[in-house]
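Down below is the structure, laid out as structure tokens.
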Amino acid sequence: MVVVAPLSSWPWENLGSLKYLLYGPLLANGFYSLYQDGNILQNWCLHILLLSILRMGIHVAWSSYSNMLFLTRNRRILQQGVDFKQIDMEWEWDNFLILHSLMASMMVYLFPWLGNLPLWNTKGLIAILILHVGIAEPLFYVFHRFFHTHYLFTHYHSLHHSSPVPQSFTAGNATFLEHLAWSLVIGAPILGTSLLGYGSTTMIFCYVLVFDFLRCLGLSNVEIVPHRLFEAVPILRYLLYTPTYHTLHRTEKGSNFCLFMPLFDAIGNTVHKNSWELHKEMSSTAGKNGKVPDFVFLAHVVDITSSMHAPFVSRFFASRPFVTKLSLFPLWPIAFIVMLVMWGRSKPFLHSFYNLRDWLHQTWAVPRFGFQYFLPFAREGINNHIEEAILRADKLGVKVISLAALNKNEALNGGGTLFVEKHPNLRVRVVHGNTLTAAVILNEIPKDVKEVFLTGATSKLGRAIALYLCRRKVRVLMLTLATERFEKIQKEAPTECQSYLVQVTKYQAARNCKTWIVGKWITPREQSWAPSGTHFHQFVVPPILAFRRDCTYGDLAAMRLPDDVKGLGNCEYTMSRGVVHACHAGGVVHHLEGWTHHEVGALDVDRIDLVWEAALKHGLKPVSSK
């Protein structure tokens with residue numbers, strides 16, 4: 001039997017999303033009072049709700065900034081990524097906002113005059129600053145040191161320290177008892193100022209929002225405070241902590257206990273000896289290139305809605321496979337404007353990263369959306385962006401760069417051939433990853449299948465799949481109107497296997513075939529020709545609509561990353577956690593094997609089994625394997 005320490009869990013932790021109903025009485029009372037009195041300035045219920053929303057916004061904004069790696073990558077203090085485990089652990093980070101709202105409501109009921117504070121009082125801003133220094137700072141310092149004693153740390157405070165990489169949401173990752181203590185810290189100056197007769201609504205809003213802003217600053221894992229500020233005014237280093245200062249507390253645990261002012265660590269003799277030197281080092285190297293990635297996956301945006309599936313938009317949303325939600329549609333106009341800005345002025349940027357063994361793998365994004373790849377006038381600009389990313393990777397010393405989906409489109413750049421031929425001396429290996437994509441699809445097809453229907457049959461992947469299957473004596477119905485291209489592919493097959501490749505020009509030809517391999521988008525009407533029980537394998541982006549209830553639909557070709565991957569905290573489009581598209585995985589295998597050739601243009605059918613075996617050897621797994 002597990003004994004839980006008293007007040008270590010939240011009273012509403014089993015409610016899930018229903019916990020937000022606790023705001024219901026405040027919302028109802030606020031709107032009822034507004035309807036009755038029409039005075040929003042004295043409507044304390046709505047003020048509490050507004051303050052909670054603003055506080056939530058501050059934490060979300062800091063999280064977004066911390067995850068904008070294209071801005072912060074060289075200012076990060078701890079280099080590891082925020083993984084799924086930490087994200088899940090901090091999922092209910094906003095519990096303390098509900099607690100503070102309930103406590104504020106109780107205080108107004110106990111002291112009704114708190115609900116009738118004036119809008120502004122200049123003396124209140126001065127008074128609360130004095131009370132913060134005189135009460136909140138020493139009170140937090142004492143509480144914090146107390147929570148680092150053996151029993152309290154083991155049963156309570158260790159939860160807060162269990163987040164490996166500090167983030168703004170880490171502020172909420174603590175036990176109920178701790179947040180009761182921190183409520184006293186933030187509430188004492190507010191109540192004290194109000195008791196002195198200097199309270200005001202503006203004072204409360206300003207103090208609480210600045211308090212949250214500074215907490216998020218310390219937990220951001222991004223050093224933005226310049227060391228020259230402290231060199232110019234040395235006393236400031238005792239009046240304002242820095243992200244580096246607080247990160248030392250999280251890693252060392254026995255020093256730097258202060259709230260925001262290191263002065264109290266100096267008084268308590270708990271300032272870490274390397275605090276100022278490490279801050280100067282981090283601040284001085286900000287803006288300089290950090291560790292060079294070993295592998296880069298060059299992705300692109302699929303559509304406007306899925307563009308919001310990014311860690312710097314919402315790390316919680318990005319940590320789960322993308323699905324279209326109604327809650328996204330109010331943000332669609334903003335995403336549309338961002339798309340226009342990116343179209344007019346943007347360049348490839350760092351999206352996310354993870355570590356595999358001792359190697360750094362990054363995902364860069366071309367600032368273009370799926371529909372733009374089909375605009376003839378946009379092709380040159382897209383190729384310029386891809387070329388820019390490849391040349392940048394080459395200059396940095398990246399070993400392998402893998403091209404995602406549309407970035408290797410045959411009509412766009414010949415599957416990457418354009419760049420390799422234009423820059424024959426590239427040190428970085430350019431990989432389209434289609435060999436592993438073909439291997440994944442082929443290994444999903446049951447060994448006893450004797451006939452398949454193939455769309456996109458004359459594409460790079462379609463050609464390779466057809467040639468491989470015909471060697472296995474599988475009859476391939478290749479849907480294409482291009483007889484010349486079909487015959488060219490057919491002649492590549494061994495003489496004794498050529499008869500297994502059959503050109504068809506209509507979907508009706510597959511009315512008796514239950515294995516469809518979809519390499520070109522098909523409509524629900526076209527799907528209707530498939531017999532009941534058909535399974536649709538696919539390598540088309542975006543995936544086809546799952547229209548037929550009497551059929552099954554495979555996901556896009558993908559593989560699960562090795563178990564020893566670290567710092568992975570976002571899902572790749574619709575993929576499950578830890579799963580990446582096969583073209584991404586193909587680049588990973590290319591790097592792990594140390595292959596020195598480019599993988600561009602047409603697929604080498606003879607290498608399909610070799611690449612598949614290499615992937616399994618390095619710990620990558622089929623998605624069906626856990």
Go through the side-chain N and O atoms of [X] and [Y] and say whether any donor and acceptor fall under 3.5 Å apart.
{"X": "Glu387", "Y": "His423", "value": "yes"}
{"X": "His351", "Y": "Thr363", "value": "no"}
{"X": "Tyr468", "Y": "Asp609", "value": "yes"}
{"X": "Ser306", "Y": "Asp303", "value": "yes"}

| request: Please examine the side chains of His618 and Glu593, heavy atoms only from C-beta on, and report whether any two atoms are closer than 4.5 Å. | output: yes

| Any side-chain heavy atom of Arg548 within less than 4.5 Å of one from Gln527? | yes

When the ring centroid of [X] is compared with that of [Y], is the distance short of 6.0 Å?
{"X": "Trp93", "Y": "Phe169", "result": "yes"}
{"X": "Phe317", "Y": "His309", "result": "yes"}
{"X": "Phe70", "Y": "Phe312", "result": "yes"}

For [X] and [Y], take the angle between the two ring planes, folded into 0 to 90°, and tell me which bin it lands in: parallel under 30, tilted 30 to 60, perpendicular over 60.
{"X": "Phe371", "Y": "Trp343", "answer": "perpendicular"}
{"X": "Tyr573", "Y": "Phe322", "answer": "parallel"}
{"X": "Tyr553", "Y": "Phe536", "answer": "parallel"}

| Is a side-chain N or O of Thr515 found less than 3.5 angstrom from the main chain of Val452, in a donor-acceptor match? | no

| said: Check whether Arg75 reaches the backbone of Arg73 with its side chain - one donor and one acceptor, N or O, closer than 3.5 Å. | reply: no

| task | Determine, step by step, whether His537 and Trp516 satisfy the ring-ring contact (aromatic ring centres under 6.0 Å, His included) criterion, reporting the C-alpha distance in whole Å, the side-chain angles of both residues, the deciding distance to 0.1 Å, and the verdict. | result | CA-CA 6 Å; His537 303 270; Trp516 284 37; over 10 Å; no

| field | Arg607 to Trp595, cation-pi by 6.0 Å centre distance and 45° axis angle | value | yes

[X] atom [atom1], neighbour heavy-atom count above 12 within 6.0 Å:
{"X": "Gln508", "atom1": "CD", "value": "yes"}
{"X": "Glu496", "atom1": "CD", "value": "yes"}
{"X": "Lys473", "atom1": "NZ", "value": "yes"}

| Should Glu90 and Arg315 count as an ion pair when the cut-off is N to O under 4.0 Å? | yes

| message | Quick check on ring-ring contact (aromatic ring centres under 6.0 Å, His included): which of His597, His598, His432 does His590 satisfy it with? | response | His597

